[in-house]
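Input: a single structure, listed below in structure tokens.
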Protein chains: 2
Amino acid sequence: MADINVSAPSRPAKGDSSAPARAPAAGEAEPLIDLIELFFFAYRNFVSDPDEILQGIGFGRAHHRVLHFVSRHPGMRVTDLLDILRITKQSLGRVLRELVDQGFIDSRAGSSDRRQRLLYLTPKGEALAQEFVSIQSHRLRRALAECGPDMRESARRFLVAMIDPEDRGPVEKLIARADQQAEARASGAVKAPADKRATARPTG
Amino acid sequence: MADINVSAPSRPAKGDSSAPARAPAAGEAEPLIDLIELFFFAYRNFVSDPDEILQGIGFGRAHHRVLHFVSRHPGMRVTDLLDILRITKQSLGRVLRELVDQGFIDSRAGSSDRRQRLLYLTPKGEALAQEFVSIQSHRLRRALAECGPDMRESARRFLVAMIDPEDRGPVEKLIARADQQAEARASGAVKAPADKRATARPTG
DNA sequence: CATTTATGTCAGCCATGTTGACTTTTTTCG
DNA sequence: CGAAAAAAGTCAACATGGCTGACATAAATG
């Protein structure tokens with residue numbers, strides 16, 4: 001932030017027709033401006049951690065996102081990634097090509113459906129993805145520690161509640177499924193069953 | 001999210017050398033992946049609300065940010081805005097010119113220092129800025145209501161704690177100062193004292 | 001008067017999003 | 001089987017919003 005010292009002369013515009021900070025009248029919705037701004041500043045700092053690393057290797061935030069979700073869902077299809085990121089095939093294609101070319105991602109044809117390209121991280125890619133998780137976890141952990149013992153669960157509930165209601169189920173399932181599959185990989189097989197695609201793909 | 005159904009085949013890469021979701025060993029830092037992802041999804045939804053409005057008038061997020069902070073700090077200098085947004089003069093110049101040309105922002109020479117351009121919103125600009133605050137407050141209010149009575153303060157503390165420590169003071173002061181000055185404008189003068197610039201501008 | 005400060009501007013580059021059109025390969029279904 | 005659909009990839013063009021570097025102007029400051 002370097003140097004914030006605004007101190008406006010508080011001279012209202014001639015055609016001033018609004019009173020931005022009047023006390024909220026009865027029944028009037030209170031503006032939560034402090035939270036709006038804090039969310040902005042917090043998120044900016046949050047993504048700036050990986051940004052520094054990315055800049056050193058000529059990558060950007062788009063690469064970070066791809067690496068992260070492939071790390072969390074090894075073997076995912078390109079379509080799945082598009083659904084999560086909500087960008088176009090062309091936008092994804094660009095960064096994905098760079099990540100594959102530079103040996104961060106391994107793209108293999110699906111065995112049961114050979115149209116598919118299943119995405120895996122190489123060890124190099126996994127190392128980078130872990131570095132990002134580590135640095136962002138560190139910020140979160142520090143923040144939670146400063147707030148008190150129950151904050152982890154509170155923060156989780158708050159962030160979930162900030163998501164569009166119709167997206168919450170899918171997002172929470174996405175997170176839970178990744179955790180479960182990571183757990184399965186960790187405990188059980190170092191080798192794995194042949195690729196077994198999802199049968200149900202609800203469009204809601 | 002439309003349709004997230006990843007269900008990877010959980011076939012680890014050949015050179016798999018990481019165990020992303022092993023139970024955190026003693027003394028090992030637990031990765032807070034769920035919060036990392038929730039923060040991402042929550043922020044994306046959060047900014048998507050204004051995005052829809054902006055698209056209708058040919059503006060982008062950059063315009064939103066400028067409108068917001070000028071609304072909060074009427075009469076602020078261009079330099080102050082640059083400090084807050086942390087972008088270059090050229091990047092700001094582009095969107096600022098559009099906002100002035102289209103009658104959302106009024107840029108007046110400072111009276112005590114005529115090099116300065118002090119930024120004010122026109123009624124049109126203030127209306128738009130209020131619309132953004134309103135829609136984002138609505139999302140926040142809904143989220144807080146779903147979480148319980150103490151969540152407003154918890155969320156505030158959490159978000160502050162997520163900010164770089166050296167930025168927290170400036171950010172909190174920025175918010176408090178805007179609130180105070182808005183309060184002063186609302187209660188007291190419809191006309192105001194001549195522009196009286198800040199004397200101290202600490203560079204830390 | 002020399003310097004610094006605040007602002008603005010031109011030119012060009014980069015990252016990352018978008019549409020639209022089209023191809024190839026493979027699967028699915030009538 | 002053969003048509004249609006699905007998964008992926010590609011090319012071209014464009015928009016947004018960052019960036020650097022180089023300058024120009026006006027006004028304040030010493």
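Labels below follow one simple rule: chain letters A, B, ... track the order of the sequence lines, proteins then strands, and each chain is numbered from 1.
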Pairs where residues 86-116 of chain A contributes a residue and the test ring-ring contact (aromatic ring centres under 6.0 Å, His included) is met, not counting sequence neighbours: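 Non-adjacent pairs meeting ring-ring contact (aromatic ring centres under 6.0 Å, His included): A:F59-A:F104.
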Under 4.0 angstrom between B:R97 side-chain N/O and C:dT9 OP1 or OP2: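 Yes, such a contact exists.
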Side-chain N or O of B:R117 closer than 4.0 Å to phosphate OP1/OP2 of C:dG8: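 Negative; the distance criterion is not met.
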Whole Å only: how far is the [atom1] atom of [X] from the [atom2] atom of [N]?
| X | N | atom1 | atom2 | result |
| --- | --- | --- | --- | --- |
| A:L92 | C:dT19 | CG | C1' | 17 Å |
| A:L82 | D:dA7 | CG | P | 11 Å |
| A:M76 | D:dA8 | CE | C1' | 15 Å |
| A:D80 | D:dA7 | CG | C1' | 11 Å |
| A:L96 | C:dG17 | CG | C1' | 16 Å |
| A:R108 | C:dT25 | CZ | P | 22 Å |
| B:D51 | C:dG17 | CG | C1' | 12 Å |
| B:L81 | C:dG8 | CG | C1' | 15 Å |

Please write out each protein N/O paired with an N/O of nucleotides 12-14 of chain C under 3.5 Å, distance rounded to 0.1 Å.
none

Closest listed nucleotide, where the reference is the side chain of B:Q116 and the choices are D:dG18, C:dA6, D:dA7: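 Shortest atom-to-atom distance from the side chain points to C:dA6.
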Those residues that, when tested against B:E146, pass side-chain hydrogen bond (donor to acceptor under 3.5 Å, both in side chains) (two or more places apart):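 Applying side-chain hydrogen bond (donor to acceptor under 3.5 Å, both in side chains) to B:E146 gives A:R168.
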Please output the side-chain donor-acceptor pairs of residues 155-165 of chain A that fall under 3.5 Å, not counting sequence neighbours, one pair per line with the distance.
unit_1: A:R156; atom_1: NE; unit_2: B:D34; atom_2: OD2; d: 3.0
unit_1: A:R157; atom_1: NH1; unit_2: B:C147; atom_2: O; d: 2.9
unit_1: A:D164; atom_1: OD1; unit_2: B:R139; atom_2: NH1; d: 2.9
unit_1: A:D164; atom_1: OD1; unit_2: B:R139; atom_2: NH2; d: 2.7

Set of residues satisfying salt bridge (Lys or Arg N to Asp or Glu O under 4.0 Å) with respect to A:E98, sequence neighbours excluded: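 Counting only residues at least two positions away or on another chain, A:E98 forms no salt bridge (Lys or Arg N to Asp or Glu O under 4.0 Å).
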Residue list, salt bridge (Lys or Arg N to Asp or Glu O under 4.0 Å) with B:R97, at least two apart or on another chain: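 B:R97 satisfies salt bridge (Lys or Arg N to Asp or Glu O under 4.0 Å) with no residue once adjacent residues are dropped.
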Reading 5' to 3' through nucleotides 20-26 of chain D, protein heavy-atom contacts under 4.0 Å coded B for base, S for sugar-phosphate only, - for none: BBB----
B:E30 side chain reached by A:S137 side chain, heavy atoms, under 4.5 Å: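 Side chain of A:S137 against side chain of B:E30, heavy atoms only: no contact under 4.5 Å found.
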Min side-chain heavy-atom separation B:L118-B:R77 under 4.5 Å: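 Yes - at least one pair of side-chain heavy atoms lies under 4.5 Å apart.
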Pairs involving residues 54-70 of chain B, ordered by first then second residue, that meet salt bridge (charged side-chain N to carboxylate O under 4.0 Å, His left out) (sequence neighbours left out):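 Sorted pair list: B:D51-B:R61.
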side-chain contact (heavy atoms from CB on, under 4.5 Å) partners for A:Q90, two or more places apart: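 A:T88.
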Listed partners of A:H64 passing ring pair (Phe, Tyr, Trp, His ring centres under 6.0 Å), at least two apart: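 Ring pair (Phe, Tyr, Trp, His ring centres under 6.0 Å) check on A:H64 returns A:F132.
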Partners meeting ring pair (Phe, Tyr, Trp, His ring centres under 6.0 Å) with A:F46 (sequence neighbours left out):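 Result, ring pair (Phe, Tyr, Trp, His ring centres under 6.0 Å) vs A:F46: B:F39.
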Proximity to DNA chain C (any heavy atom under 4.0 Å), residues of residues 53-67 of chain A only: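 Contacting residues: A:G60, A:R61, A:A62, A:H63, A:R65.
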